[in-house]
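To keep things clear, I will list the structure first and then write my remarks on it.
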Protein chains: 2
Amino acid sequence: MESRCENCIIRQFNSLRAMSKEELKKVSDSKTTKTIKKGEPIFEEGEKLNGVYCVRNGVSKLSKLSANGKDQIVKLASKGEVLGQRSVISQESTNLSAIAVDDMEVCFIPKESITNTLQTNPNFTLEVLRHMAHDLKEADDVIVNISQKTVKQRMAEAFLYLQNNFGEDADGFLALTLSREDISNVVGTATESAIRIISEFKKKGLIHTSGKKIGIKDERKLLEMVEGF
Amino acid sequence: MESRCENCIIRQFNSLRAMSKEELKKVSDSKTTKTIKKGEPIFEEGEKLNGVYCVRNGVSKLSKLSANGKDQIVKLASKGEVLGQRSVISQESTNLSAIAVDDMEVCFIPKESITNTLQTNPNFTLEVLRHMAHDLKEADDVIVNISQKTVKQRMAEAFLYLQNNFGEDADGFLALTLSREDISNVVGTATESAIRIISEFKKKGLIHTSGKKIGIKDERKLLEMVEGF
DNA sequence: CTAAAAATATGATATTTATCAGTAAATGGT
DNA sequence: ACCATTTACTGATAAATATCATATTTTTAG
């Protein structure tokens, strides 16, 4: 509430850094900060969004419900990511739900601030475009992975991904703790299968666990597994 | 060769329509037209691109090779689509190969014409952004489909997709004829599995075939299958 | 037109993965 | 701290899919 976008360090991580001082001032004046509790939605699939959400703290899962009642998690978004951008740009309702995996703090920015700037500041538009291009590349990679790798390989990859993107805590566990169900929804498999593979990895000494926390024990072997050795 | 972008009707389908007359003139002066034979690449995964390719005729598959030697086709691009845009925008080498499925005619546009316009014409940038946003949505949908639907459902979906996007010929066959292998690479399954399902669909009266041509016979049942009935 | 190569097709089988059933452990609310 | 509820885990089994082998058809090159 008190803090101004102009001073917000989070900005450096996303396309808002390409805004001019004046544009940023407007954004700051119109934004509102929200806290979202673990498990609560920021928005849900099919909703019309009146703005975007800039993540200040915590992690959100972007997922889509399929006909059989299972969620597929398409992306995990954390500090600095802007949610709902795609939807605001295409003026369509959202394709994905955004649900808090952690307790979160996000800034809601009304869409006018964004769309106005998109029409007048090519640097900003280009910056948004670059981010979108990056997301598209990642999405393409996910498609190839899901269809060409086994569940075991994708599980290994998921753990390495979590390590690279969210780091580890003091005890060597992955800093982002997901439920087994969330893990299975990232990987695109049945929850029981995910659990089974976790047990197997544990037996083989690739990972160690404590409650729902998971730690990586043998990074090299996990990497080899991803590559198919 | 003789034709000018200013007069090119293809332009209406892609982001080039947001260019000014002068910008288009520059593009037209710098572009070169190429013909690509069926099976030949326009560019290959990992290449650095010096420009983008605007499809005038024919269809290209955008695919990525996975560790196990199988291609995954991420998208089929036809008339009006601009290939290599993502790569030029992010200034990275291409993530995907583009291979002609048909005999093709494409216009190569050097990247300078594009990047210059991106920096100066916000309408153009916004238009590109909208296209990219659309592609990203489609990619997300593919992710959900691949991980949550059975091979059979995805096969049914693929046929309907081909019908919707490329139409049918006079005899009621899908206008775009893909090899069984290409079909399996779109769907993300083994070629034998794809063939088996084609046989099954044929027996059930959902489709009919003649050589490698496939025609849709019972659209309603295919749709129901996709939905999981 | 014909031989060779490639693509399509089908059967048998192995492997992977999902589903169902049930138990154990962890978590949250009062 | 205790009960209720959710989450994690394990086994048995079924279903989906891949793989291997091989036959047939189609396409291509000469």
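For the side-chain contact (heavy atoms from CB on, under 4.5 Å) with A:Leu178, the lone residue among A:Val101, A:Asn185, A:Ile73, A:Val59 that qualifies is A:Val101.
A salt bridge links A:Lys204 with A:Glu200: at least one charged nitrogen is closer than 4.0 Å to a carboxylate oxygen. A salt bridge is defined here as a Lys NZ or Arg NE, NH1 or NH2 lying under 4.0 Å from an Asp or Glu carboxylate O, and B:Asp182 with B:Lys61 meets this definition.
Residue A:Ile198 is the one, among A:Ser147 and A:Ile198, whose nearest nucleotide of DNA chain D lies closer to the 5' end (criterion: closest heavy atom). Both A:Gly211 and A:Val151 sit near DNA chain C, but only A:Val151 has its closest nucleotide nearer the 5' end.
Of the candidate nucleotides D:dA8, D:dC20, C:dT19, D:dC20 has the atom lying nearest to any side-chain atom of B:Glu192. With D:dT17, C:dT17, D:dT10 as the choices, the nucleotide that has an atom nearest any side-chain atom of A:Ile195 turns out to be D:dT10. For B:Lys212, whose side chain is taken as the heavy atoms from C-beta onward, the closest listed nucleotide among D:dT17, C:dA7, C:dG11 is C:dA7. For A:Arg196, taking side-chain heavy atoms from C-beta onward, the closest of the listed nucleotides D:dA18, D:dC9, D:dT10 is D:dT10.
The phosphate of D:dT7 (OP1 or OP2) has no side-chain N or O of A:Thr191 nearer than 4.0 angstrom. The shortest distance between the side-chain N/O atoms of B:Arg180 and the OP1/OP2 oxygens of C:dA9 is below 4.0 Å. The side chain of B:Ser199 contributes an N or O atom lying less than 4.0 Å from OP1 or OP2 of C:dT10. Proximity of A:Ser193 to the phosphate of C:dA18: a side-chain N or O atom is located under 4.0 Å from OP1 or OP2.
One can place NZ of A:Lys203 at 11 Å from C1' of D:dC9, the figure rounded to the nearest angstrom. The distance between atom CD of A:Glu181 and atom P of D:dA8, rounded to the nearest whole Å, is 8 Å. In this structure, the CD1 atom of B:Ile197 is 14 Å from the C1' atom of C:dA9, given to the nearest Å. In this structure, the CD atom of A:Gln148 is 12 Å from the C1' atom of D:dA18, given to the nearest Å. Atom-to-atom, CZ of B:Phe201 to P of C:dA9 comes out at 14 Å; the value is rounded to the nearest Å. One interatomic measurement links the two molecules: CG of B:Asn185 to C1' of D:dA18, which rounds to 14 Å at whole-angstrom precision. Residue B:Glu200 contributes atom CD, which lies 11 Å from atom P of D:dT17 at whole-angstrom precision. Taking atom CZ of B:Arg154 as the reference point, atom P of D:dA16 lies 13 Å away to the nearest angstrom.
A perpendicular orientation is assigned to the rings of B:Phe159 and B:Phe201, their planes being inclined by more than 60° (bins at 30° and 60°).
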Assess whether salt bridge (charged side-chain N to carboxylate O under 4.0 Å, His left out) is satisfied between A:Lys75 and A:Glu81, documenting all intermediate values.
CA-CA 11 Å; A:Lys75 187 185 163 87; A:Glu81 302 231 33; 3.4 Å; yes

